[in-house]
Protein chains: 2
Amino acid sequence: MDDQVTIKDIAKQLNLSLSTVSRALRNAPDVNPETRHAVLELAEALSYTPSRLALSLKQRQTRTIGVIVPNLDNVLSTMIRGIDEAALESGYTVMVCQSNESYGRELANTKRLLESLVDGILVSVSSETKIFDHLQEILKRKLPMVQFDRSSSELKAPIVRVDNVSGGFQATEHLIQQGYRRIAILAGPKNLGIGKKRMKGYFEAHKVAKRKVDNDLIMYCDFSQESGYWATLDLLGMKKRPDAIFAISDRIAIGAMLAIREKGLQMPHDIGLLGFNNEPTVQLVTPAVSSVEMPSFELGKLACKLLIEKMQRHGVIPDDHEEILKTRLFVRPSSLRDSSTTLAPQRS
Amino acid sequence: MDDQVTIKDIAKQLNLSLSTVSRALRNAPDVNPETRHAVLELAEALSYTPSRLALSLKQRQTRTIGVIVPNLDNVLSTMIRGIDEAALESGYTVMVCQSNESYGRELANTKRLLESLVDGILVSVSSETKIFDHLQEILKRKLPMVQFDRSSSELKAPIVRVDNVSGGFQATEHLIQQGYRRIAILAGPKNLGIGKKRMKGYFEAHKVAKRKVDNDLIMYCDFSQESGYWATLDLLGMKKRPDAIFAISDRIAIGAMLAIREKGLQMPHDIGLLGFNNEPTVQLVTPAVSSVEMPSFELGKLACKLLIEKMQRHGVIPDDHEEILKTRLFVRPSSLRDSSTTLAPQRS
DNA sequence: TTGTAAGCGTTATCAT
DNA sequence: ATGATAACGCTTACAA
């Protein structure tokens, strides 16, 4: 196909041995300055590029990190930016595989990464994934792995995530403080850890405020806007409808907003609304929607750094290591009923 | 690091030669069924994974496609999904490098991909990139390359993009039909081809309608929401202010919307607004903003298919090949002043 | 300071 | 039907 320039070509033209050229190229100490100069010059002239393939095969490491994500939404894109940055800083290349929320694709991707001999893997588990065999296989091969954002306790690998319990607590506490009394939660898919944790915070906040939770106000749904919409219509159709809704993602919250609008209810007066992720969109709708922000960029960066540490200093990071980042609540008009409360600082 | 299971291990345990094992594994015709069976069984038991590295080195092809993108925004994420799908269908792996709109990063990424011996490259040029040396280098090495979405005529490589002139035309024509007379354009960065083309459509629509363009209504800006905001404030501060704004991206349009709101003007009555990309956000703001949609998923998929074709059948696709997809206008309340016009079909 | 040769995991060519 | 050997591009003892 393409005639790659190799060390051989340089050696031949300069009447040197392969080893000498190799050494010159890598600035080894024991090589004649003139020789080195000649080699470097010719390499430049031929626009020689070392073959990472050969190098990797030889050294049995690729300096590549595989990333498995369920999609490329706003939050994950930001995390990947963080991952990218950390990887670049340490001279690693990142290979992103996106499973489109499908178990089958995640399986295929994992296989690919395993074959490609990546040096380590960052994974955020697809919401659809219930079987972890393929990821267990990674561990079985002793390939360093770190979970980020969405994680599973079935996998014995370090986790970097936000404190979802605390995030759910912040959200619910705020709603309670605003005088809302029947706070519903749109909790996402029933089996998803992230949802369970945010819901735990929701319960804790109620407990601290000495309030009971009405179990009818707990609604499971998909992660889609559609699903948030339908779940909310259900909620609003109840005889004793909720006076506030905490959605565990902004996407779901937007769906809820559409349903609320359709029913002609006013936010924040008739009903309060609060989401999670603080995506740009929630600032633009009317009224702007309150949301819990997670430090996505930092989270990605940290996860990657942790993985690199794990890769380079084998065994230093225990498998049950958890790195937990704080969330931050952004209060906006959708949940601000009590005018005596001041708005939290907003992003520009 | 990790003790990979190789063909050698299998050969040793079965007292076979490497070649036989290799053949058995690949279902070669001339191998004893019993032998094959034994090999396959042991391979399974040891969870043997072929080394793509060794294979690639041998065959001088990686079955990997490198993708260079300026960022991972909504549009590009969707395109990448399309790319992914096409690649998967043909058994290729995709390696996405995101330059974060920075020339330096794009340079580093290109170098990496070149070293990694990808079989082909899909590139969407960063808006900041003015020097194309690194991409020229790709061509110089005869590495198959296809440009998608944002492209440069300086690069002699096929292009897959939408018809931006026609998109700009659709947008402007619609605004004219709605009775707007002073239509401003937020044209993005001055040197960007995509902006120039959409603006060309803007001029053509005026010409067809036999209207003059007031050059004061042409505003250049960044691709950011911020920039759209400030540019719009400028526009609205003019003595003869525009009565409609066509923004060449939704991000910019949202910025414009914020400025319009701030000035207390009503859409679509006082001023019309229309964006480009049809991102989910524009449907959610009030009023919902009209936008020109480009078929991002299909575009990515097509670009990838074209690249694969170019890789597999060398020389069949000429370097000046252009694949041009149609845009589609979604009319929403932000630009719907004339109530006799019906709304175009919306997405669910 | 430079050269020789073995090896990374695989396949292809030629023998047997 | 199976085996031996060279090769892909590079590094690295060891030797000169």
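Here is the naming used below: chain letters follow the sequence lines, and residue numbers restart at 1 for every chain. Just so it is clear, the values below take in all heavy atoms, side chains as well, and ignore hydrogens, waters and symmetry mates.
The nearest whole Å value for the distance from the CD1 atom in B:Ile7 to the P atom in D:dG3 is 13 Å. Counting to the nearest Å, the P atom of D:dG9 and the CD atom of B:Gln59 are 13 Å from each other. The CG-C1' distance, from B:Leu53 to D:dC10, rounds to 12 Å in whole Å. In this structure, A:Lys58 atom NZ and D:dA13 atom P are separated by 9 Å, rounded to whole Å.
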Side-chain donor/acceptor pairs under 3.5 Å, residues 27-38 of chain B, sequence neighbours excluded:
from: B:Asn32; atom 1: OD1; to: B:Glu34; atom 2: N; distance (Å): 2.8
from: B:Arg36; atom 1: NH2; to: B:Ala28; atom 2: O; distance (Å): 2.5
from: B:His37; atom 1: NE2; to: B:Glu41; atom 2: OE1; distance (Å): 3.2

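Scanning for side-chain hydrogen bond (donor to acceptor under 3.5 Å, both in side chains) contacts around A:Ser51 gives an empty result, with sequence neighbours left out. For A:Thr93, the side-chain contact (heavy atoms from CB on, under 4.5 Å) partners at least two apart in sequence or on another chain are A:Arg52, A:Thr64, B:Met95, B:Arg112. The side-chain contact (heavy atoms from CB on, under 4.5 Å) search around A:Leu107 returns A:Tyr103, A:His134, not counting sequence neighbours. Remark: B:Ala303 pairs with B:Leu122, B:Val146, B:Phe148, B:Val160 by the side-chain contact (heavy atoms from CB on, under 4.5 Å) rule, at least two apart or across chains. For A:Ser77, the side-chain hydrogen bond (donor to acceptor under 3.5 Å, both in side chains) criterion is met by no residue, not counting sequence neighbours. Annotation: side-chain contact (heavy atoms from CB on, under 4.5 Å) contacts of B:Ser296 (sequence neighbours excluded): B:Val75, B:Thr78, B:Met79, B:Met294.
Within 4.0 Å of B:Leu57, counting heavy atoms only, lies at least one base atom of the nucleic acid.
The overall bend of the helix from C:dT1-D:dA16 to C:dT16-D:dA1, read as the angle between its terminal helix axes built from five base pairs each, is 50° when rounded to 10 degrees.
Within the structure, salt bridge (charged side-chain N to carboxylate O under 4.0 Å, His left out) pairs that include any residue of residues 74-93 of chain B comprise A:Arg105-B:Asp84, B:Glu85-B:Lys301, B:Glu89-B:Lys301 (at least two apart or interchain). The side-chain hydrogen bond (donor to acceptor under 3.5 Å, both in side chains) analysis of residues 152-162 of chain B, with sequence neighbours excluded, yields the pairs B:Arg161-B:Glu322.
Not one N or O on the side chain of A:Asp119 forms a donor-acceptor pair closer than 3.5 Å with the backbone of A:Gln61.
Side-chain N/O atoms of B:Arg60 include one lying less than 4.0 angstrom from OP1 or OP2 on D:dG9.
Note that the first and last nucleotides of DNA chain C, 5' to 3', having any atom under 4.0 angstrom from a heavy atom of chain A are C:dT1 to C:dG9.
In the model, B:Thr49 has a side-chain atom that pairs as donor or acceptor with a side-chain atom of A:Arg141 under 3.5 Å.
Sorted by residue number, the members of residues 15-40 of chain A with any non-hydrogen atom under 4.0 Å from DNA chain C read A:Asn15, A:Leu16, A:Ser17, A:Ser19, A:Thr20, A:Arg23, A:Asp30, A:Val31, A:Asn32, A:Thr35.
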